[in-house]
K.L.:
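Take a look at this one; I'll ask things after.
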There are 4 protein chains.
Amino acid sequence: MGEDRQRVGRPRSEQARTAILHAVDDLLVEVGYAALTMKGIAERAGVGRQTVYRWWSTKAEVLFEAAITDAVEELTKPPQATLLDDVSTYLEAVEGFLTGSHAGTAYRALLGEAQHDPEVARLVGSAALFDGPSRAVLERGISRGELPPGTPLDAAMAVLTGPAFYLGLTGAAVPGGSVRAFAPALVAAVRELAAD
Amino acid sequence: MGEDRQRVGRPRSEQARTAILHAVDDLLVEVGYAALTMKGIAERAGVGRQTVYRWWSTKAEVLFEAAITDAVEELTKPPQATLLDDVSTYLEAVEGFLTGSHAGTAYRALLGEAQHDPEVARLVGSAALFDGPSRAVLERGISRGELPPGTPLDAAMAVLTGPAFYLGLTGAAVPGGSVRAFAPALVAAVRELAAD
Amino acid sequence: MGEDRQRVGRPRSEQARTAILHAVDDLLVEVGYAALTMKGIAERAGVGRQTVYRWWSTKAEVLFEAAITDAVEELTKPPQATLLDDVSTYLEAVEGFLTGSHAGTAYRALLGEAQHDPEVARLVGSAALFDGPSRAVLERGISRGELPPGTPLDAAMAVLTGPAFYLGLTGAAVPGGSVRAFAPALVAAVRELAAD
Amino acid sequence: MGEDRQRVGRPRSEQARTAILHAVDDLLVEVGYAALTMKGIAERAGVGRQTVYRWWSTKAEVLFEAAITDAVEELTKPPQATLLDDVSTYLEAVEGFLTGSHAGTAYRALLGEAQHDPEVARLVGSAALFDGPSRAVLERGISRGELPPGTPLDAAMAVLTGPAFYLGLTGAAVPGGSVRAFAPALVAAVRELAAD
DNA sequence: GCATAATCGAGACGGTACGTCCCGTCTTCTG
DNA sequence: CAGAAGACGGGACGTACCGTCTCGATTATGC
């Protein structure tokens, strides 16, 4: 596949790698994405600048690797008994992730950067962060019989994720105080999609 | 308020102001937001650097002023005969704005910057770009009797805007080829919101 | 000539210029030429790095400007009564300059750099540091009648300067303890040159 | 002395050693001394970096070993019939060596480095490159009876070598076109030295 | 003939200077 | 007296070498 880079010579230092990922995590919280620099990351990690560049091209790539695993975990919640509960839980997870979490801050920074850098856009797009969790909710709904088997998943995923995503990204206040209140409406929307 | 800044001396050059706004517009297209610099804007406008800083603090502010009027115009479409048509037209406008338009590129860049700069977040938040157009669609629905008077507008606006916004910002492919296909589902969702 | 660079805009800061020249002088003594860096010069002078590069391309150019005036002064001694005394004094000046003086250290460093950088070679060659003083010694000898008017000056200058230069550059011990002892022999050599 | 370094283990590779010396020779000509790097030498020689460092500390040391043998050879010319011819031939050899030869370029580079690195100065001083050849010329003069037995050799060597050395190092044009023209004057100077 | 040991090429490591770019401020001349 | 021009101190950029280190592989000696 390509995973066998370099067979001779000194092997890559796992210690340096984790020090860099930790440094980028810490610095994002401490100084914010705008003030995050490759120089700063290297110094914080106690690592040569070249060592960072050797394995990642931009601060976006480092941040992506540092944050994406946590991000997926935060969005994955245990199954609920009903579709409505499942959707409510998912919406809450999305809201919490975007507005209150560490990994979510990293994701928003990356998505922001993606708006003016196609390279980062490709990187972030490759994660398709919300796809797995939202698809799981829908598939559980189908297997429970709460949704017809022909439900168009891609469209339904966008319907489930969109509103909370929009509120999180624009920083708008959540109407009604909690995004859980959207659940019945979005379930209705998904059923309507399936009916077409 | 403070509209009478400077009563003696040479008055502010309107010519310089518009040259700067045009320059920022052009440069955004030509080099992208990341490579947009205050230095570059001043040079392109044929203007001293200080003159730019005198009226705007950051490139985000210049861009905001240059793009926001166009943005509102692009999102405002003539009323349609039915709620369903109105929603379809609105969705199409949002999609076209975010993915295909000049002003939309500026908006996405600003929203991106807002993810890592609270100052810009405040600026972009103050525009609440989608609020006017989406509220208008809903109010027309109410006045036509297609929606109950008690429909919760803020929540409904997020439901209408969210899916297209999500697809536009993440660069995902639109399921079914057009966002118009979401209209029936979103109308159903809005009605469900109103029913609670 | 070209001395009128920049007629508009902020003028060059004389304060920065002298701070840089002093810094380079100090650093040469403190850390030596090899450890002299543009970065170090700028920091020592309390000046931006770009400000150094704006007016000089290399550390050699800065050092040249900082040292060359002093160098000429050190090599210029008051006229003596006889050619022999004049030559002795000149030889002593050359020796002292190359082995014991501040400006001489700078000159040796530059001449060293000139051996592997043609640009520096041109710069140092343009100074022709020993030409003025050695020619003056010879012309006084001619005007006193101690040397014939037809004495070939260029060759005589090389004969007068060469031995002390050779000893100074190679770091060899001076035979007899003082380079003054070479004077009678070199006067004889110059007379022989003139006789050809 | 210390010639028995390592008695067990893999012996030093003579092949690597000569590859390094050849590489340094080639690179000096191709890129010049300033752009000569230990990294470049190792890569050109097809050798690990450590292998170079194991046997030489600096690029100056490698260059010294690569060039010094050739240098001595170039300065050693067959004896001539008379002192004047011997001196002329020597002067020509010095000039050709410094300005036209491969080994001379290396010597000039090393002498240049010696001006700002005492370690290199010691190394180059230890060679005393011109001592052997110039002393030979003088001793032949004495044995032929053209010079008195008491001629002070060290001073005479500096007188013979200095002018051509000065012209070669400063890159000045040779007055009269050839250094051979200096020979009678320098012979006169040496005789005057002996007479004191 | 098998362990020991020093060499080899390769290449990653922590550092540091390079020369460039832009930041936001300042100081001059020009209209 | 605003505006253009452009120099100022500062600091990050991405690159190149530095000299050291850690690999696996190779090639001698000595038990």
Side-chain angles (χ1 to χ4, degrees), chain A residues 5-17 19 35-43 45-55 57-59, chain B residues 6 8-13 15-16 35-43 45-54 57-59, chain C residues 5-17 19 35-43 45-55 57-59, chain D residues 5-13 15-16 19 35-43 45-55 57-59:
Chain A
R5 170 168 175 178
Q6 174 240 336
R7 303 184 312 97
V8 305
R10 181 176 177 171
R12 175 173 185 183
S13 160
E14 185 58 28
Q15 185 177 326
R17 181 180 166 273
L36 196 63
T37 65
M38 291 296 253
K39 184 171 188 280
I41 294 166
E43 283 170 2
V47 139
R49 209 117 64 89
Q50 182 100 225
T51 300
V52 184
Y53 282 109
R54 190 146 24 217
W55 305 107
S57 298
T58 61
K59 61 176 177 172
Chain B
Q6 170 246 331
V8 304
R10 182 172 175 175
R12 173 174 179 182
S13 160
Q15 187 178 326
L36 195 63
T37 65
M38 291 296 252
K39 183 170 186 279
I41 294 166
E43 280 169 5
V47 136
R49 212 116 62 89
Q50 192 76 257
T51 302
V52 185
Y53 281 110
R54 201 159 358 237
S57 297
T58 62
K59 62 176 178 174
Chain C
R5 170 168 175 179
Q6 171 242 334
R7 301 185 313 98
V8 306
R10 179 175 179 172
R12 176 172 186 184
S13 159
E14 185 58 26
Q15 186 177 326
R17 181 179 167 273
L36 195 63
T37 66
M38 291 297 253
K39 184 170 188 281
I41 294 167
E43 282 170 3
V47 139
R49 209 118 65 90
Q50 180 100 228
T51 300
V52 183
Y53 282 110
R54 194 150 18 222
W55 305 107
S57 298
T58 61
K59 60 177 179 174
Chain D
R5 170 171 175 177
Q6 170 245 336
R7 302 187 310 104
V8 304
R10 181 174 176 174
R12 173 173 186 183
S13 159
Q15 186 177 327
L36 195 63
T37 65
M38 290 297 252
K39 184 170 186 277
I41 294 166
E43 280 169 5
V47 140
R49 211 117 63 87
Q50 192 77 259
T51 302
V52 184
Y53 282 110
R54 192 145 24 219
W55 306 107
S57 297
T58 63
K59 62 175 177 173

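Note that these values count all heavy atoms, side chains included, but never hydrogens, waters or copies made by symmetry.
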K.L.:
Ignoring backbone atoms, establish whether A:Thr51 has a side-chain N or O less than 4.0 Å from OP1 or OP2 of E:dG14.
P.N.:
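So the side-chain polar atoms of A:Thr51 do come within 4.0 Å of the phosphate oxygens OP1 or OP2 of E:dG14, strictly under.
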
K.L.:
Choose from F:dC8, F:dC13, E:dT7 the nucleotide whose nearest atom is closest to any side-chain atom of D:Arg54.
P.N.:
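The closest nucleotide is E:dT7.
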
K.L.:
Just to verify, what does D:Ala19 make a side-chain contact (heavy atoms from CB on, under 4.5 Å) with, not counting sequence neighbours?
P.N.:
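Only D:Ala45 meet the side-chain contact (heavy atoms from CB on, under 4.5 Å) criterion with D:Ala19.
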
K.L.:
With a 4.0 Å limit, can you tell me whether D:Trp55 has a side-chain N or O closer than that to the phosphate oxygens OP1/OP2 of E:dC8?
P.N.:
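D:Trp55 to E:dC8 OP1/OP2: side-chain N or O found under 4.0 Å.
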
K.L.:
Starting at CD of A:Gln15 and ending at C1' of E:dG14, how long is that distance when rounded to a whole Å?
P.N.:
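Distance, rounded to whole Å: 12 Å.
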
K.L.:
Check whether any side-chain heavy atom of B:Met38 lies under 4.5 Å from a side-chain heavy atom of B:Tyr53, and answer yes or no.
P.N.:
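B:Met38 vs B:Tyr53: side chains touch.
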
K.L.:
What is the distance, rounded to the nearest whole Å, between atom CD of B:Glu43 and atom P of F:dA7?
P.N.:
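My rounded result for the distance is 12 Å.
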
K.L.:
Rounded to the Å, how far apart are C:Lys39 NZ and E:dG15 P?
P.N.:
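So the NZ-P distance, C:Lys39 to E:dG15, works out to 14 Å.
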
K.L.:
Nearest of E:dC8, F:dA12, F:dC8 to any side-chain atom of A:Thr37?
P.N.:
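Out of E:dC8, F:dA12, F:dC8, the nucleotide with an atom closest to A:Thr37's side chain is F:dA12.
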
K.L.:
Going 5' to 3' along nucleotides 20-27 of chain F, which nucleotides have protein heavy atoms under 4.0 Å from the base (write B), which only from the sugar-phosphate (write S), and which from neither (write -)?
P.N.:
BBBB-BBB

K.L.:
Nearest-nucleotide wise, let me know which of B:Gly40 and A:Glu14 is further upstream toward the 5' end of DNA chain E.
P.N.:
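Its nearest nucleotide being more 5', the pick is A:Glu14.
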
K.L.:
Which atom pair, heavy atoms only, marks the closest approach of C:Leu36 to C:Lys59?
P.N.:
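Looks like O-NZ, 3.1 Å.
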
K.L.:
Considering every strand and a 4.0 Å limit on heavy-atom distances, what is the contact class for C:Gly46: base, sugar-phosphate, or nothing?
P.N.:
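Since only primed, P, OP1 and OP2 atoms lie under 4.0 Å of C:Gly46, the category is sugar-phosphate.
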
K.L.:
Roughly how far, to the nearest 0.5 Å, is CZ of C:Arg12 from CD of C:Glu14?
P.N.:
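That separation rounds to 7.0 Å.
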
K.L.:
For B:Met38 and F:dA5, give me the distance from atom CE to atom P, rounded to whole Å.
P.N.:
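Those two atoms, CE and P, are 17 Å apart.
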
K.L.:
Using a 3.5 Å distance criterion without hydrogens, assess whether the side chain of C:Lys39 forms a donor-acceptor pair with backbone atoms of C:Arg49.
P.N.:
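No, because the side chain of C:Lys39 does not come within donor-acceptor range (under 3.5 Å) of the backbone of C:Arg49.
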
K.L.:
How many Å lie between CG on D:Leu36 and P on F:dC17, as a whole number?
P.N.:
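Value for this atom pair: 11 Å.
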
K.L.:
When the distance from CZ of C:Arg12 to P of F:dG9 is rounded to whole Å, what number comes out?
P.N.:
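Atom CZ in C:Arg12 sits about 11 Å away from atom P in F:dG9.
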
